[in-house]
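I have placed the structure first, in the form of structure tokens, so that the comments after it can refer back to it.
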Amino acid sequence: MANLSVNIAGVTLKNPVITASGCFGFGREYEGFYDISRLGGISLKGMTAKKRLGNPPPRIAETPAGMLNSVGLQNPGVDAFLRDDLPYLKTKDTVLIANIAGSTVEDYCEIASRLADSEVDLLELNISCPNVKEGGVAFGVSCEGAAGVVRAVKRHARQPLLVKLSPNVTDIVSIAKAVESEGANGISLINTLLGMRIDIERRRPVLYNNVGGLSGPAVFPVAVRMVWQVANAVKVPVVGMGGIASAKDAIEMMMAGASAVQVGAAMFSDPMAPVKIIEGMESWLSGHGIADVGEIVGTVQPWS
């Protein structure tokens, strides 16, 4: 049997498959399908300093080979998570990654401080959020904005910090280097691509928020490309995500340079997808005589 364990920023995962933030809640939602201790890790529902109700509906729409969402970070807030969800999660044998979001740098720092003494294993900084102090421009679309929020959060965080990058930029590599230079311990990518659909009979967008994040198989080639570019430009580990729906996809993403992967939208059509991916990876590695999953990371051989 191949060894599937991986190390991300000093934290060991039993396998490289993590459920993506926003798609797995806080774990209870999927417990009826399988023991969530089988997962390498869980990137928890994105949390803010205070409770958020999210955007008005409709806020989910199916698209060819994917889905659009504008849920708007609905969550109970960090204090409710610590009180109601973390005790349950700590009964499970899996790595816990707290995905944190905010509208100001101070919001991010407050959440990191509240989680500093908790049993969360890693923090994942969602910098695709709009910075209300900078005219609503997302933190992650400029080197300065991304670096600034990482620099501030590092002063409050005790857990290793992953930074989740937005693909809605012109130069993903420069932003990755900027957050690495400010102390990011790892990089997650990609977040959703900005998209829009229109109901031609009503002549209105299908989402109340007009635009939303595109995820699912449609974004997979973009994610592979960005993971490959970033993994070849930074020294910290990369966690790849975006449209992964099979063991083949996960292996491809790791060959591009990801040390671990996250599975998101695939779970909405098949709740068992993460477990199938774990089992499929193990079977593929054993069938190819590969003893350790780390042996495939970054092994793609470009033509030029």
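Along the sequence shown, the residues carry numbers beginning at 1.
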Hey, does the side chain of R59 reach the backbone of N55 with a donor-acceptor pair shorter than 3.5 angstrom? yes

If you draw a 6.0 Å radius around CD in E119, do more than 12 non-hydrogen atoms from other residues or ligands fall strictly inside? no

Shared ILVMFWY cluster between I296 and L13, side chains joined below 4.5 angstrom? yes

If hydrophobic clusters are built by linking Ile, Leu, Val, Met, Phe, Trp and Tyr wherever their side-chain heavy atoms come under 4.5 Å apart, do L68 and Y208 end up in the same one? no

Holding to side-chain hydrogen bond (donor to acceptor under 3.5 Å, both in side chains), I want the full list of residues that pass it with S5, two or more places apart in sequence or in another chain. N3

Atom CD1 of I42 and atom CD of Q262: how far apart are they, to the nearest 0.5 Å? 11.0 Å

Among pairs that include at least one residue of residues 45-64, which meet ring-ring contact (aromatic ring centres under 6.0 Å, His included), considering only residues two or more places apart or in two chains? none

Hey, is the main chain of A80 close enough, under 3.5 Å, to the side chain of K51 for a donor-acceptor pair? no

Apply side-chain contact (heavy atoms from CB on, under 4.5 Å) to residues N99 and M47 and explain how you reach the verdict. CA-CA 6 Å; N99 181 286; M47 67 183 79; over 6 Å; no

Where the side chain of E180 meets the backbone of K235, is there a donor-acceptor pair that is under 3.5 Å apart? yes

Examine the side chains of N191 and S166 and answer whether a donor and an acceptor come within less than 3.5 Å of each other. no

Between L39 and P274, what is the shortest heavy-atom contact and its length? CD2-CB, 3.6 Å

Residues passing the salt bridge (charged side-chain N to carboxylate O under 4.0 Å, His left out) test with E252, sequence neighbours excluded, are K248

So, K50 and D79, do they make that salt bridge, N to O below 4.0 Å? no

If two hydrophobic side chains count as joined below 4.5 Å and joins carry through other members, does V238 share a cluster with V300? no

Any donor and acceptor pair, going by atom type alone, linking the side chain of R114 with main-chain N or O of V78 inside 3.5 Å? no

Measure across M281 and P16 and return the closest heavy-atom pair with its distance rounded to 0.1 Å. CE-CG, 3.9 Å

How close do M67 and A265 get, counting heavy atoms only, and between which atoms? SD-CB, 4.2 Å

4.5 Å side-chain heavy-atom contact, L96 and K90: yes

hydrophobic_cluster_shared for I278 and V293, side chain cutoff 4.5 Å: yes

Can you confirm whether the side chains of T48 and N75 place a donor and an acceptor under 3.5 Å from each other? yes

Distance, nearest 0.5 Å, that separates CG of L285 from CG of L4: 6.0 Å

For residues M267 and M241: do they belong to one hydrophobic cluster (side chain heavy atoms under 4.5 Å, members Ile, Leu, Val, Met, Phe, Trp, Tyr)? yes

Would you say that I187 contacts V236 through its side chain, given a criterion of any heavy-atom pair below 4.5 Å between the two side chains? yes

Atom CG in L123, atom CZ in R158: separation rounded to 0.5 Å? 12.0 Å

Chi angles and distances behind the side-chain contact (heavy atoms from CB on, under 4.5 Å) call for V222, R225: CA-CA 5 Å; V222 177; R225 185 262 295 180; 4.2 Å; yes

I'd like to check V149 versus L125 (side-chain heavy atoms, cut-off strictly below 4.5 Å). Are they in contact? yes

Excluding sequence neighbours, so at least two apart, what forms side-chain hydrogen bond (donor to acceptor under 3.5 Å, both in side chains) with K276? D270

Does the pair M272 and Y34 meet the rule for a side-chain contact (heavy atoms from CB on, under 4.5 Å), with working shown? CA-CA 8 Å; M272 295 295 295; Y34 54 86; 3.5 Å; yes

In a check of side chain to side chain contact (heavy atoms under 4.5 Å, CB included) between I175 and each of V141, V230, V169, which one passes? V169

Nearest atoms (heavy-atom pairs only) where A247 meets G280: CB-C, 3.5 Å

Closest approach of W228 and P302, non-hydrogen atoms and distance? CZ2-CG, 3.8 Å

My understanding is that only residues two or more places apart in sequence, or in another chain, count here; which of them pass salt bridge (charged side-chain N to carboxylate O under 4.0 Å, His left out) with R151? E182

Spatial distance of atom CG (L162) from atom CG (L189) [nearest 0.5 Å]: 11.0 Å

S174 (side chain) donor-acceptor with D171 (main chain) under 3.5 angstrom: no

To the nearest 0.5 Å, tell me how far S70 OG sits from I60 CD1. 7.0 Å

Apart from V211 itself, which Ile, Leu, Val, Met, Phe, Trp or Tyr residues share its cluster (side-chain heavy atoms under 4.5 Å, direct or through members)? L194, M196, I198

Would you call M253 and D249 a side-chain contact if the rule is heavy atoms closer than 4.5 Å? no

Would you mind checking if D93 and K14 are paired as a salt bridge, meaning a charged N to carboxylate O distance below 4.0 Å? yes

What residues form a side-chain hydrogen bond (donor to acceptor under 3.5 Å, both in side chains) with E106, not counting sequence neighbours? T104, K133

Sorted by chain and residue number, the ring pair (Phe, Tyr, Trp, His ring centres under 6.0 Å) partners of F220 (sequence neighbours excluded) come out as none

When you compare the side chain of T94 with that of R38, does any pair of heavy atoms fall below 4.5 Å? no

Any pair counted as ring-ring contact (aromatic ring centres under 6.0 Å, His included), so long as it reaches residues 106-159, sequence neighbours left out: Y108-F139

Can a donor-acceptor pair be found, under 3.5 Å and without considering hydrogens, that links the side chain of N126 to the backbone of I100? no

Salt bridge (charged side-chain N to carboxylate O under 4.0 Å, His left out) involving R83 - partner list, sequence neighbours excluded: none

Look only at the side chain of S286 and the backbone of E282, and say whether a donor-acceptor pair between them is shorter than 3.5 Å. yes

Approximate separation, where rounding is to 0.5 Å, of I190 CD1 and I172 CD1: 8.0 Å

Please collect all salt bridge (Lys or Arg N to Asp or Glu O under 4.0 Å) contacts where either partner lies in residues 188-214, sequence neighbours excluded, each pair once. none

Any idea which heavy atoms bring L122 and P160 closest together, and the distance? CD2-CB, 3.4 Å

Do I18 and V239 touch side chain to side chain, with heavy atoms closer than 4.5 Å? yes

Heavy-atom side-chain contact between F81 and L115 under 4.5 Å: yes

Does any part of the side chain of P76, heavy atoms only, come nearer than 4.5 Å to the side chain of F26, both counted from C-beta? yes

Test of understanding: with side-chain hydrogen bond (donor to acceptor under 3.5 Å, both in side chains), list the residues that count as partners of K177, not counting sequence neighbours. none

Please step through side-chain contact (heavy atoms from CB on, under 4.5 Å) for the pair F268 and E62, ending with a clear verdict. CA-CA 11 Å; F268 296 138; E62 189 172 359; over 6 Å; no

